[in-house]
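Input: a single structure, listed below in structure tokens.
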Amino acid sequence: MQKSKVYFSDLRTSPTCNLLDKMERLVRKAGLEKLPLKDNFVAIKIHFGEPGNLAYIRPNYAARMANILRKLGAKPFLTDCNTLYSGKRSNAVDHLQSAMENGFNPISAQCQVIIGDGLKGTDYREIPIPDAEYCPAPKIGTAIADADIIVSMNHFKGHEQAGFGGALKNLGMGCASVGGKLELHAASQPKIVTEHCIGCNICVKHCAHNAIHLDSQTRKAYIDYDTCVGCGQCVALCQHDAAVVNDWDTSERLNYKIAEYTKAVLLSKPNFHVSFIMNVSPECDCWNHNDAAIVPDLGILASSDPVALDMACADLVMQAPILHNNNILAEKHNHEDLCGQDKFHLIHPDTDWKAGLHHAEKMGIGTTHYELITV
Ligand code: SF4
Ligand code: SF4
């Protein structure tokens with residue numbers, strides 16, 4: 001089987017080559033310049049970090065990437081889509097404010113910041129995937145769907161539902177509109193938490209399927225489950241946490257769906273991916289805190305194959321010894337180094353990241369077989 005090339009750079013620096021220089025050298029070596037960049041819109045997909053979380057990728061890296069792309073003739077912009085849950089990134093106004101607080105703004109990032117699925121997460125394009133088993137038409141944020149080229153910058157860390165968050169998670173989940181995220185997360189249609197509902201009628205007005213109504217007596221919303229198609233529009237629009245996700249999907253199915261969404265994001269688009277194994281926190285950057293890192297900072301990796309990239313990052317973390325500071329793994333395995341063990345599975349035993357990588361491979365997104373080239 002043909003192996004994909006994954007390029008690796010460690011984190012040693014010198015007065016003539018800092019980490020930004022090292023990242024630039026890495027991505028150039030890994031083939032960034034081979035993309036058809038001239039005059040094309042390049043969506044740099046990154047996670048801006050929930051305020052309070054400090055493990056996200058530093059904006060300095062995004063600024064350097066934007067500069068490289070612009071010098072090569074492209075029109076880059078930084079992007080992410082709104083979240084499904086309430087928090088400080090669930091609409092474009094709060095999301096941009098959070099991004100700014102975390103250092104991502106047009107001045108520091110040296111390019112424009114665009115929220116991919118619009119003001120309230122309802123701006124998306126459905127991209128048909130003929131061979132999909134779970135999500136035949138992923139709902140991808142319009143700005144990302146309209147971009148000519150996708151570059152992902154991924155913070156590699158644990159994830160409470162997917163096992164780990166890397167390139168596939170950043171692309172498949174991160175580029176989904178709010179309705180898309182509902183499809184990814186939920187095994188069924190949303191539900192109404194009546195105590196939270198203020199009867200504002202917004203969900204009723206915007207349900208394209210006439211499936212949500214206000215009770216004439218209580219003035220609370222209710223869903224007609226015979227008509228509801230689970231599009232997620234009401235979840236996106238409700239600002240009171242009253243229309244919410246019903247049951248969360250299993251990790252295995254979530255990872256299958258993330259793979260299919262990734263296929264939709266990358267379909268017919270040149271793409272390139274960079275992952276940072278730094279601050280490997282046990283959980284997602286969507287949390288408003290980041291628990292202590294579980295392994296040392298290992299390096300920066302780049303590839304044109306996001307599956308191979310995730311596999312290489314997972315292997316490096318599995319091979320690494322755990323840190324013996326006060327972290328979630330050291331707490332339980334104080335006298336072990338856990339080299340060679342699946343640390344993400346130890347932290348989140350109900351997760352199954354391998355399922356997602358194998359499904360992505362089956363969908364033709366890439367391969368788990370790779371050659372690691374040190375730059
Ligand atoms: S948008 Fe939310 S608060 Fe308003 S009626 Fe619908 S469920 Fe209730
Ligand atoms: S999920 Fe979509 S179809 Fe179902 S009630 Fe909400 S807006 Fe209507």
Side-chain angles (χ1 to χ4, degrees), residues 50 80-98 115-129 132-145 161 172-250 253-254 256-258 260-261 264-265 286 288:
E50 187 73 9
D80 196 4
C81 287
N82 293 308
T83 59
L84 185 56
Y85 50 84
S86 61
K88 293 190 172 168
R89 295 177 303 118
S90 63
N91 60 73
V93 173
D94 292 346
H95 205 158
L96 285 171
Q97 182 69 24
S98 298
I115 300 304
D117 58 343
L119 185 63
K120 295 182 179 176
T122 56
D123 185 11
Y124 63 83
R125 293 203 195 290
E126 289 190 325
I127 300 180
I129 302 293
E133 291 174 37
Y134 302 90
C135 306
K139 302 174 179 81
I140 306 302
T142 298
I144 297 170
Q161 287 169 288
M173 178 67 75
C175 297
S177 64
V178 172
K181 288 188 174 82
L182 178 73
E183 181 178 33
L184 285 161
H185 276 304
S188 58
Q189 299 121 320
K191 66 178 177 186
I192 302 297
V193 182
T194 45
E195 313 86 78
H196 293 178
C197 177
I198 62 160
C200 68
N201 211 39
I202 285 174
C203 56
V204 178
K205 277 198 285 190
H206 288 88
C207 175
H209 305 274
N210 197 27
I212 191 161
H213 311 280
L214 279 196
D215 184 283
S216 56
Q217 304 287 317
T218 63
R219 304 294 298 162
K220 304 281 187 184
Y222 67 93
I223 293 172
D224 173 359
Y225 286 111
D226 289 337
T227 324
C228 171
V229 298
C231 70
Q233 187 87 336
C234 55
V235 177
L237 290 171
C238 180
Q239 296 298 302
H240 302 276
D241 284 344
V244 295
V245 172
N246 209 336
D247 299 312
W248 296 97
D249 218 334
T250 63
R253 270 175 59 103
L254 174 68
Y256 291 155
K257 291 178 178 180
I258 286 174
E260 295 186 356
Y261 263 68
V265 173
C286 291
N288 61 358

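Indexing begins at 1, ligand by ligand and atom by atom, following the structure's order. Given the structure is predicted, the values throughout are model-derived calculations rather than measurements. Residue numbers start at 1 and run along the sequence shown.
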For atom 8 (Fe) of ligand 1, what is the closest protein heavy atom, and at what distance to 0.1 Å? C197 SG, 2.4 Å

Any side-chain heavy-atom pair of N210 and T227 under 4.5 Å: no

Sub-4.5 Å side-chain heavy-atom contact between P190 and I223: yes

Within 4.0 Å of some non-hydrogen atom of P190, the atoms of ligand 2 are 1 (S)

Do E50 and R89 sit within salt-bridge range, that is, some charged N less than 4.0 Å from a carboxylate O? yes

Are any non-hydrogen side-chain atoms of C81 and K181 less than 4.5 angstrom apart? yes

Metal site atom 8 (Fe) of ligand 2: N/O/S of H209 inside 2.8 Å: no

Looking at A242, which atoms of ligand 1 are within less than 4.0 Å of one of its heavy atoms? 2 (Fe), 7 (S)

Check for a donor-acceptor pair, side chain of E260 on one end and backbone N or O of Y134 on the other, with a separation under 3.5 Å. yes

Between the side chains of H196 and D241, is a donor N or O closer than 3.5 angstrom to an acceptor N or O? no

For ligand 2, which atoms, with element, lie under 4.0 Å from some heavy atom of C228? 1 (S), 3 (S), 4 (Fe), 5 (S)

Side chain proximity check, I258 to L254, heavy atoms < 4.5 angstrom: yes

Going through the distances and angles, do C175 and I140 end up as a side chain to side chain contact (heavy atoms under 4.5 Å, CB included)? CA-CA 6 Å; C175 297; I140 306 302; 4.3 Å; yes

Starting from atom 4 (Fe) of ligand 1, find the nearest protein heavy-atom neighbour and note its residue, name and distance. C200 SG, 2.3 Å

How does V204 reach ligand 1, by side chain, by backbone, by both or by neither, if only non-hydrogen atoms under 4.0 Å count? neither

Hey, is there an N, O or S on C203 sitting under 2.8 Å from atom 6 (Fe) of ligand 1? yes

Closest protein heavy atom to atom 2 (Fe) of ligand 2, given as residue, atom name and distance to 0.1 Å: C231 SG, 2.3 Å

Compare every heavy atom of Y225 with every heavy atom of K191, then report the nearest pair and how far apart it is. CA-OH, 3.4 Å

For atom 6 (Fe) of ligand 2, grab the closest protein heavy atom and report residue, atom and distance to one decimal in Å. C234 SG, 2.4 Å

Heavy-atom gap L237 to ligand 1 smaller than 4.0 Å: no

What protein heavy atom sits nearest atom 3 (S) of ligand 1, and how far off is it? I198 N, 3.5 Å

State the atoms of ligand 1, each with its element, that fall below the 4.0 Å cut-off from a heavy-atom position in N201. 4 (Fe), 5 (S)

